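Report on one structure; see the data block that follows.
Order of the sequence lines sets the chain letters (A, B, ...), proteins ahead of strands, with each chain counted from 1. Owing to the predicted nature of the structure, the values given are computational and were not obtained by experimental measurement.
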There are 2 protein chains.
Amino acid sequence: MIISKKSPLQIARQSYLPKLPLALQGHVCLQAGQPTESVANNKEIRQLFPNTYGLPVISLRQAKEGDYVLHTDHPLNVGVILSGGQAPGGHNVISGLYDGLKRQNEKSQLYGFLGGPSGLIEHKYVLLTDQMIDDCRNTGGFDIIGSGRTKLETPEQFDQAIDVCQELSITALVIVGGDDSNTNSCILAEYFQQKGCGIQVIGIPKTIDGDLKNGEIETSFGFDTATKVYSELIGNIQRDANSSKKYWHFIRLMGRNASHVTLECALQSQPNITLISEEVKARNMTLNDVVDYIVSVIVERAKADLNFGTVLVPEGLIEFIPAIGVLINELNDILADNSEFNTLNDDDERCEYIKGMLTPASSDLYSSLPRSIQRQLLLDRDPHGNVMVSRIETEKLLIEMVSKRLAKLKGEGKYKGKFSALSHFFGYEGRCAIPSNFDADYCYSLGLTSVHLIAAGKTGYMAVVRNLIEPASEWIPGGVPLTMLMNLEHRNGKMKPVIQKALVDLNGAPFHYLAAHRNEWAGERTTYVYPGPIQYYGPVEVCDQPTRTLKLEHIK
Amino acid sequence: MIISKKSPLQIARQSYLPKLPLALQGHVCLQAGQPTESVANNKEIRQLFPNTYGLPVISLRQAKEGDYVLHTDHPLNVGVILSGGQAPGGHNVISGLYDGLKRQNEKSQLYGFLGGPSGLIEHKYVLLTDQMIDDCRNTGGFDIIGSGRTKLETPEQFDQAIDVCQELSITALVIVGGDDSNTNSCILAEYFQQKGCGIQVIGIPKTIDGDLKNGEIETSFGFDTATKVYSELIGNIQRDANSSKKYWHFIRLMGRNASHVTLECALQSQPNITLISEEVKARNMTLNDVVDYIVSVIVERAKADLNFGTVLVPEGLIEFIPAIGVLINELNDILADNSEFNTLNDDDERCEYIKGMLTPASSDLYSSLPRSIQRQLLLDRDPHGNVMVSRIETEKLLIEMVSKRLAKLKGEGKYKGKFSALSHFFGYEGRCAIPSNFDADYCYSLGLTSVHLIAAGKTGYMAVVRNLIEPASEWIPGGVPLTMLMNLEHRNGKMKPVIQKALVDLNGAPFHYLAAHRNEWAGERTTYVYPGPIQYYGPVEVCDQPTRTLKLEHIK
């Protein structure tokens with residue numbers, strides 16, 4: 001239980017009433033479309049999911065005269081799980097679920113499984129109450145029930161889940177998660193159908209990284225708030241850079257598997273340099289190519305006496321550089337259970353040992369990296385012995401390499417500026433922010449929508465809300481079959497059914513906008529935009545704007 | 001000139017009208033108090049400042065029937081300078097000045113000197129216009145005219161300043177700065193009086209660090225906004241920590257000379273551990289003592305299975321640890337123009353060389369530091385060869401030392417928790433934030449107040465606004481003689497007249513509040529507060545609250 005004094009904003013936000021789509025007001029009519037196919041590998045996915053494949057997309061709308069109206073009035077017992085990293089709005093999914101259930105039948109119950117999916121198989125849960133829900137309305141964080149990263153993937157776990165659900169008379173699970181968690185939800189839904197245990201599974205699209213989306217899912221929740229927090233900070237730093245005119249700020253942003261966060265922040269704040277991992281990979285760039293690009297902008301700005309600027313760096317950049325991806329894979333292989341390496345205590349000895357074990361190309365690349373990064377690659381490893389890429393301070397690596405290159409150019413008389421750089425990393429600052437009005441409204445609607453899907457007996461669906469660039473009243477809630485998102489991908493040497501991750505589309509409107517404007521933003525004139533902090537009250541154009549990514553992708 | 005698209009909040013804030021004290025509305029009456037004395041060394045300061053010493057404190061109030069009313073209607077030409085680090089609200093000081101001057105006489109002019117004090121002696125200035133002012137109202141940053149750190153301190157510079165002012169018919173300078181800049185303003189005012197050149201000097205109390213205050217100056221501007229930005233981020237991180245329950249976050253905050261920022265952020269967010277440099281020094285703590293304290297809290301929380309938390313670390317901590325202060329001074333001496341050291345290329349050789357040169361006590365201390373910090377102490381030096389203390393990642397140093405200590409305790413069976421730590425540094429994120437309503441109002445009033453002091457012929461004054469914990473209408477504008485803030489202090493081996501810096505008062509109400517509650521905040525229960533982002537619209541209790549420091553210091 002949360003025992004704490006509250007800030008004035010915490011108290012004020014408790015009474016915010018999320019804006020609702022018309023479709024979720026009054027009587028709701030459920031409209032099913034045509035059967036669907038998976039995004040790829042149709043035949044294999046159909047075979048793997050015989051009971052949940054091919055379901056139609058569902059839309060909810062306000063009932064009209066003569067409609068069949070959705071009405072299930074027996075009490076429903078539902079369990080909710082928060083899975084993986086935090087994202088702003090999770091508490092509103094839960095409050096939407098809770099309110100929807102109580103409206104459906106006041107005897108309906110919502111159980112929260114504690115600490116993520118492990119709570120389900122370890123019988124750790126709490127029965128949610130009015131007071132707990134009221135305490136968490138419109139707040140950030142996942143602390144009402146906690147989150148965790150345990151994966152539910154084995155039949156033994158699934159059977160344990162059935163036992164717990166039956167013990168609590170739970171007939172539906174709502175699993176809030178990213179692509180991995182929803183992949184597991186899809187498998188779980190199929191398993192439950194196959195067993196005929198009558199437990200429904202509904203997924204909710206969550207991730208600040210923004211890489212869980214497609215034609216049917218416009219955005220994952222949390223992306224809006226998190227990118228607004230980071231953009232606030234980037235804007236503040238840019239105003240500082242433009243005032244003191246003496247620092248280059250290298251800013252790394254969360255988002256290891258895709259660069260949506262970096263792209264959105266760039267669209268909001270217009271920095272001088274934006275690196276997009278997907279582009280680096282597509283153009284087969286080396287680390288030196290990336291450094292060249294940064295250096296070229298710095299040298300150009302220096303000619304106009306602008307010895308300051310901002311560089312946005314996606315967290316996953318380094319893995320997307322093909323040669324470094326190879327190097328990291330080799331390191332993982334070499335370091336796995338390597339007792340010889342583990343006996344070496346001296347950093348330098350370790351580096352030398354590694355150089356001897358790598359392929360010549362990787363060894364050369366490794367040797368070319370700054371010493372501090374050579375060490376980071378060896379020191380920080382996860383419990384499986386893998387390099388922890390998210391801990392590599394890519395922004396510092398780039399500063400060091402850029403700095404050396406500029407010193408060389410200065411010696412050759414090709415650069416006359418001053419280069420002083422500062423580094424930043426933003427991630428944890430945004431994952432649990434108080435949700436923006438957009439995320440508060442969106443998540444509450446996702447919660448309510450889940451109740452309708454459950455009441456209609458649906459399983460193997462992701463709850464969605466579409467038409468998000470319009471005012472909330474026009475939003476279109478519904479459900480998308482989880483199998484529709486699946487394809488086969490290599491995982492640990494096997495082909496596995498997984499949800500296809502949405503990378504930054506280099507042919508999409510958001511990237512095109514960046515590509516069309518980045519030279520102007522890099523250049524002489526200062527074109528910084530200062531978004532400022534998220535506002536919850538005040539003018540609509542300030543408080544209720546979706547991301548620029550969403551607008552660019554969906555405005556016709 | 002600023003050419004940029006604007007964010008919705010930037011546009012909305014342009015039309016914000018700062019709230020005004022009643023005293024600055026209608027006719028203003030100027031009330032002088034008794035002659036004043038300097039804070040210390042009265043005799044010496046009186047001798048050094050014969051023309052500006054002993055002036056009375058001034059208050060402005062609304063004129064009543066029969067009052068002598070302040071009225072100067074000939075046009076005034078005023079120059080304004082932004083000096084030192086950015087602080088939110090600087091633009092509002094300038095817009096207040098501008099509006100006040102134009103109201104006094106529409107032919108009055110405001111010149112902005114570019115890039116800080118150097119603009120004054122290098123003839124770099126701009127005549128401010130309606131459009132430039134409208135563009136900067138209620139915005140963060142100092143970019144309207146830029147800032148800089150050049151010190152005006154020699155008679156040659158002062159004479160150049162007189163030349164420039166006379167060329168532009170400027171009869172008053174307003175210098176926006178911290179304690180150093182205002183020390184120089186005090187000397188400049190005296191010099192101008194002595195020369196009889198008729199140029200007035202008015203100071204404005206600026207610094208996010210909050211160390212320019214006393215009985216007459218309640219707070220410096222920018223402190224409110226910057227601490228609110230940092231507290232927003234600390235709160236978000238705490239919510240994250242409390243949700244995932246697996247990380248200790250070590251957060252370093254700007255504020256090298258005093259810990260007001262850290263203290264205020266602690267009061268707003270209630271972290272588990274708060275280090276206050278002034279306390280560390282007063283208690284003569286060693287680095288090991290600090291580590292002991294942190295470890296003791298971590299071990300206690302681990303007993304309750306709370307393997308997460310937050311630690312606030314003031315930027316200047318390391319210098320306040322007496323033994324490290326000595327070590328840094330020795331390093332500065334050894335490294336100054338040391339050609340032998342500079343020939344060493346290998347990090348390890350450099351470290352060994354240094355160990356041999358230090359006194360035994362410092363050498364032992366140096367050897368006990370983690371390798372990465374040993375290197376930082378040698379690598380990062382300012383142009384004078386001094387260790388750049390602000391670049392030392394104290395939060396990482398503490399993590400490394402705490403981690404080692406915990407591993408030892410674990411080996412001894414005295415600690416059973418898991419320790420995984422992440423580090424953050426917040427400084428540049430807050431210096432140029434869009435000013436809070438408080439700072440926007442306060443700074444605009446400071447600007448208007450300066451015009452009244454100038455119109456009344458005053459010089460050697462700091463513009464002030466008091467009674468700040470009350471609504472803006474009740475605020476009391478006025479002026480404090482700069483000499484009143486002065487004392488003598490050692491600088492480069494000489495006694496110099498300087499403004500006394502306000503450190504955290506260990507007997508003051510804000511520190512007492514921390515000391516009375518920190519055990520509770522450290523302990524088992526979660527008492528985090530989540531302040532959220534600065535709000536500019538909405539309920540008064542959310543949008544118009546001064547800092548907790550200000551409230552604790554001034555509520556009777």
**Study point:** Best-contacting candidate, A:Pro539, A:Gly148, A:Gly430, A:Gly146, against chain B by heavy atom pairs under 4.5 angstrom
**Key:** A:Pro539

Practice item. Mind running side chain to side chain contact (heavy atoms under 4.5 Å, CB included) on A:Thr527 and A:Glu520 for me, showing each step along the way? Key: CA-CA 8 Å; A:Thr527 53; A:Glu520 179 194 341; 4.2 Å; yes

**Study point:** Heavy-atom contact with chain B under 4.5 Å, split by part of A:Ile145
**Key:** neither

Exercise for review: Apply side chain to side chain contact (heavy atoms under 4.5 Å, CB included) to B:Arg371 and list each qualifying residue two or more places apart in sequence or on a separate chain.
Suggested key: B:Asp348, B:Cys351, B:Glu352, B:Lys355, B:Gln374, B:Arg375

Review point. Between B:Glu232 and chain A, which part of the residue has a heavy atom less than 4.5 Å away: side chain, backbone, both or neither?
Key: side chain

Exercise for review: Might you point out which heavy atoms bring B:Pro546 and B:Phe438 nearest each other, and give the distance in Å?
Suggested key: CB-CE1, 3.9 Å

**Study point:** B:Ile11, part contacting chain A, at a heavy-atom distance under 4.5 Å
**Key:** neither

Check your understanding: Cut-off 3.5 Å, side chains only: do B:Thr547 and B:Asp224 have a donor facing an acceptor?
Key -> no

**Study point:** Backbone of A:Trp521 reached by a side-chain donor or acceptor of A:Gln270 within 3.5 Å
**Key:** no

Check your understanding: Sequence neighbours excluded, which residues qualify as ring-ring contact (aromatic ring centres under 6.0 Å, His included) partners of A:Tyr428?
Key -> B:Tyr247, B:His249

Practice item. Output yes when a side-chain donor or acceptor of B:Tyr536 lies under 3.5 Å from a complementary backbone atom of A:Gln535, and no otherwise. Key: no

**Study point:** Heavy-atom pairs under 4.5 Å with chain A, option from B:Ile237, B:Leu233, B:Asp240 with the top count
**Key:** B:Asp240

Review point. Any chance the side chains of B:Lys551 and B:Gln545 put a donor and an acceptor closer than 3.5 Å?
Key: yes

Check your understanding: What residue in A:Ser243, A:Gly235, A:Ser7 has the most heavy-atom pairs under 4.5 Å with chain B?
Key -> A:Ser243

**Study point:** chain A contact via B:Gln86 - side chain, backbone, both or neither, heavy atoms under 4.5 Å
**Key:** side chain

Practice item. Check whether A:Gln238 gets within reach of chain B through its side chain, its backbone, both or neither, counting any heavy atom under 4.5 Å. Key: neither

Practice item. Look at B:Ser147, B:Ala241, B:Gly532, B:Gly140 and state which one has the largest set of heavy-atom pairs under 4.5 Å with chain A. Key: B:Gly140

Practice item. Mind ranking B:Ile434, B:Val229, B:Ile534 by heavy-atom pairs under 4.5 Å with chain A and telling me who comes out on top? Key: B:Ile534

Exercise for review: Walk me through it: do B:Ser231 and B:Gln268 pass the test side-chain hydrogen bond (donor to acceptor under 3.5 Å, both in side chains)?
Suggested key: CA-CA 6 Å; B:Ser231 298; B:Gln268 284 189 38; 3.3 Å; yes

**Study point:** Distance-only polar pair, side chains of B:Asn138 and B:Asn92, donor-acceptor under 3.5 Å
**Key:** yes

Review point. Where does A:Ala12 contact chain B at under 4.5 Å (heavy atoms): side chain, backbone, both or neither?
Key: side chain

Revision key, fill the gap. Among A:Thr139, A:Leu9, A:Ile234, the residue with the most heavy-atom pairs under 4.5 Å to chain B is A:Leu9

Practice item. Examine whether an atom of A:Thr225 lies under 4.5 Å from a heavy atom of chain B, and if so say whether it belongs to the side chain, the backbone or both; otherwise answer neither. Key: neither

**Study point:** Side chain / backbone / both / neither for B:Ser423 at chain A, heavy atoms under 4.5 Å
**Key:** neither

Check your understanding: Where does B:Phe425 contact chain A at under 4.5 Å (heavy atoms): side chain, backbone, both or neither?
Key -> neither

